[in-house]
Structure formats: structure tokens, C-alpha cells
*Asks:* 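There's a structure below that I have some questions on.
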Amino acid sequence: MASENTGRLTKNERRTQAREQARKAREQEKKREKRNRLFLQGGIVIGVLAILGIVALVLTQTMKPAGPGPENMASGGVVFTKDLKVVEGPALESGAEREARTVNRDELPLDVTVYADYMCPACGAFEQQYGTMLENYVGAGDIELEIYPLNFLDGASLGSKYSTRAGNLLACVVEEQPDVAFALHTRLLSPEVQPKEGTTGLSDEQLLEEAEAAGAKLTPELRSCVQDVTFGSFISANYKSASETGIKGLADGALMLSADGATPQPADGPQRLVSTPTVIVNGQQWNQARDGDLESYLLKVKGEYEQAQEKSDAKKSE
């Protein structure tokens, strides 16, 4: 009998063993619960930190001043001169005010500025009517043409902010590959490319394709500039400046027309942009209903300067 009971636990020993196993199980459960609480608390902390990070980023982007603009556009616009070359210049510093470029209106070439939104149908129609003529005059050195991109039609692109993105593309190319900027400008307003109001317009990738079609190389820098909308705030500030502070570089005493297209704006207030395209020739607004065909108007102004120059030369020779 003694040999048969060898290796067997007594009743008390089995009870003690069971209690020990139960104790160990309770300890394991407590450790598991503590571990889960720590994971949960850690997850909450990480979530809160992530939310705070996002809020901080949004506030930073909202409250910071507009970043520096693109090179060659310190006035807000890009100036094309003979052979369709971009007039080089520094970038607008962060927070700095736009300043009209310096021009000598006592001699040729004429200076012409066009304020345009790349989704504006009237801007597209203007390009179809006068684009080739302006290209020829600029190429020959008879005029210097400033293109001032705006984004007042952002609300007409179903949330895609097409006007800002298209203007940003131009600014990116003006800074990085200026030799193709004029071709890109005309392409963006062509009937084959310009989107209709009430659509999302071209995607970023499609805009890059149009830049490539205009002759640009799709470098990593250009892709990044387009995808990050690097100069988006610059384009927004362009519209704010022209529509609120007023158009810069007007001739002394020049008055812009009101929204009715006939009544001059008050002389004691800023001369604001009220529609597009807005065209300024040697500091004076050109209005088709009042001034007639643009090419005829340019030739008239050019003729006046040439006559004045001839008289001046004649007096010098006396």
C-alpha cells in the first residue's frame, strides 16, 4: 500500500496547489489589466498630442504672413520684354508691400499691364482677340507687357481653387524656367486648355502637363512648387492688393472705371480693380467701349509719343 501512494498528492496538498495556481492567475490578470490601462492611456496621450499638433499647424499656417513671392514678380506681376523675355528681378520679401515697377513714360516702349484670372471667360476671350497682337508687339520690343495673375474666381471651381493653382503654376515657371513663361500664359488662356466656370478645372498633374507642352521641364523643383502651391498666398495677396489697396503704377490723376464700366471711381479714394481683364496702357485704363480696338489704341498712344519725340529732337537741333 505504501508503494501505491508514492507520488500522489494528499487532499490538503491538492488544495494548496489549487490556491497557488489561482493566486498566480489573479496576478497575471492584474498585470494584463494594468498593461491595457497603460496602452489605453498612452494611446489617448498620443491622440491628444496629434490633435494639438494639427491645431498648431493650422494656426501657424493661418496666422503667419504671406511667404516670399517668386523671383521676377516683386510688383505682383511678371513683365515680358523684347523677344518675350522675362524682366529679371528679386522676389517680394515676406510681408512686404507690392510696388509698381519703375518705367519711363517719356519714351518707348509702351508699358501695358493685364490683370487676369485663368478661369475668367472674358480673359480667355481677350486672349483670343488680342493675344497674338500683343505677342508680336512684345516680341518686337514695341511694348513691355506685365501679366498680373489673380484668383477672384476661386469660388467658381467647386472647391479646387483652380485660379490660385493656375496662377501659382505661372509663378513657379517664372521663377524656375522664365523662358517658357509667356508660352505657358497664353496656353492657360487658350480655348483648348482654359476650363469653364463651375468646374474643378485642371488637376495639378494636368497643369504640369500643360507646362510641359509649353516647353517647361518637369523637374522635381517644379513638381514640388505646383503640388505644394508654393505661391498660393502670393496669388491671393495679389487680388487683395489690387481690389482693396488699389492698382499701383497709374499715371498721375488717372481714374479707374467703376463696376458699371462708365463712371470713374472717386478721385479721393484708391483706384480699385473691379473686373477682369483689366488693361492699363502707360498708366491709363483702356476700356473697349470708350477707347475702341486695343491695337488701334496702342498705335494712337505710340504715335503721340513718337510725335512728341520728334518735336523734342527738332528743338534740340535748332
*Asks:* Does either side chain, that of T81 or that of E144, offer a donor lying less than 3.5 Å from an acceptor on the other one?
*Replies:* yes

*Asks:* I would like to know whether E205 and R223 meet salt bridge (charged side-chain N to carboxylate O under 4.0 Å, His left out); could you show each step before the answer?
*Replies:* CA-CA 9 Å; E205 192 60 37; R223 285 186 176 277; 3.5 Å; yes

*Asks:* Please walk me through it: do V138 and E135 pass side chain to side chain contact (heavy atoms under 4.5 Å, CB included)?
*Replies:* CA-CA 5 Å; V138 176; E135 180 175 352; 6.0 Å; no

*Asks:* Are I147 and L294 co-members of a hydrophobic cluster defined by side-chain heavy atoms under 4.5 Å apart?
*Replies:* yes

*Asks:* Consider only side-chain N and O atoms of T164 and N151, and report whether a donor and an acceptor are under 3.5 Å apart.
*Replies:* yes

*Asks:* Is it true that E146 and S75 share a donor-acceptor pair across their side chains at a distance under 3.5 Å?
*Replies:* yes

*Asks:* Please round to the nearest 0.5 Å and tell me the distance separating atom CD of Q129 and atom CG of L134.
*Replies:* 10.5 Å

*Asks:* Assess, by modelled atom type and distance only, whether the side chains of D260 and T263 contain a donor and an acceptor separated by less than 3.5 Å.
*Replies:* yes

*Asks:* Determine whether V281 and Y297 satisfy the following criterion, side chain to side chain contact (heavy atoms under 4.5 Å, CB included), listing intermediate values before the conclusion.
*Replies:* CA-CA 9 Å; V281 177; Y297 183 77; 3.8 Å; yes

*Asks:* So which heavy atom on G269 is nearest to which on Q271, and how close?
*Replies:* O-NE2, 3.1 Å

*Asks:* Do V86 and F80 pass the side chain to side chain contact (heavy atoms under 4.5 Å, CB included) test, and can you show the C-alpha distance, the side-chain angles, and the key distance before you say yes or no?
*Replies:* CA-CA 5 Å; V86 169; F80 297 99; 3.6 Å; yes

*Asks:* Run the numbers on E295 and Y137 for side chain to side chain contact (heavy atoms under 4.5 Å, CB included), then give the verdict.
*Replies:* CA-CA 10 Å; E295 183 172 14; Y137 278 48; 2.8 Å; yes

*Asks:* Would you name the heavy atoms of A166 and L207 that are closest together and state the gap between them?
*Replies:* N-CD1, 4.2 Å

*Asks:* Where do A74 and P90 come nearest, in terms of heavy atoms and distance?
*Replies:* CB-O, 3.6 Å

*Asks:* G283 and A254: which non-hydrogen atoms are nearest, and at how many Å?
*Replies:* O-CB, 3.4 Å

*Asks:* Roughly how far, to the nearest 0.5 Å, is CG of L169 from OG1 of T230?
*Replies:* 11.5 Å

*Asks:* Do you know the tightest heavy-atom contact between Q194 and L188?
*Replies:* CB-O, 3.5 Å

*Asks:* Do you see a donor-acceptor pair shorter than 3.5 Å between the side chains of D117 and T276?
*Replies:* no

*Asks:* Between L250 and Y148, is there shared hydrophobic-cluster membership here, with clusters defined by ILVMFWY side-chain heavy atoms closer than 4.5 Å?
*Replies:* yes

*Asks:* Membership question, hydrophobic clusters at under 4.5 Å side-chain separation (ILVMFWY): are I235 and Y239 in the same one?
*Replies:* yes

*Asks:* Do L84 and Y130 land in one hydrophobic cluster if side-chain heavy atoms of ILVMFWY residues count as linked below 4.5 Å?
*Replies:* yes

*Asks:* Show the nearest heavy-atom pair for residues P277 and F126, with the distance to one decimal.
*Replies:* CG-CB, 3.8 Å

*Asks:* Honestly curious: do I143 and V114 fall in one hydrophobic cluster under the side-chain, below-4.5 Å linking rule?
*Replies:* yes

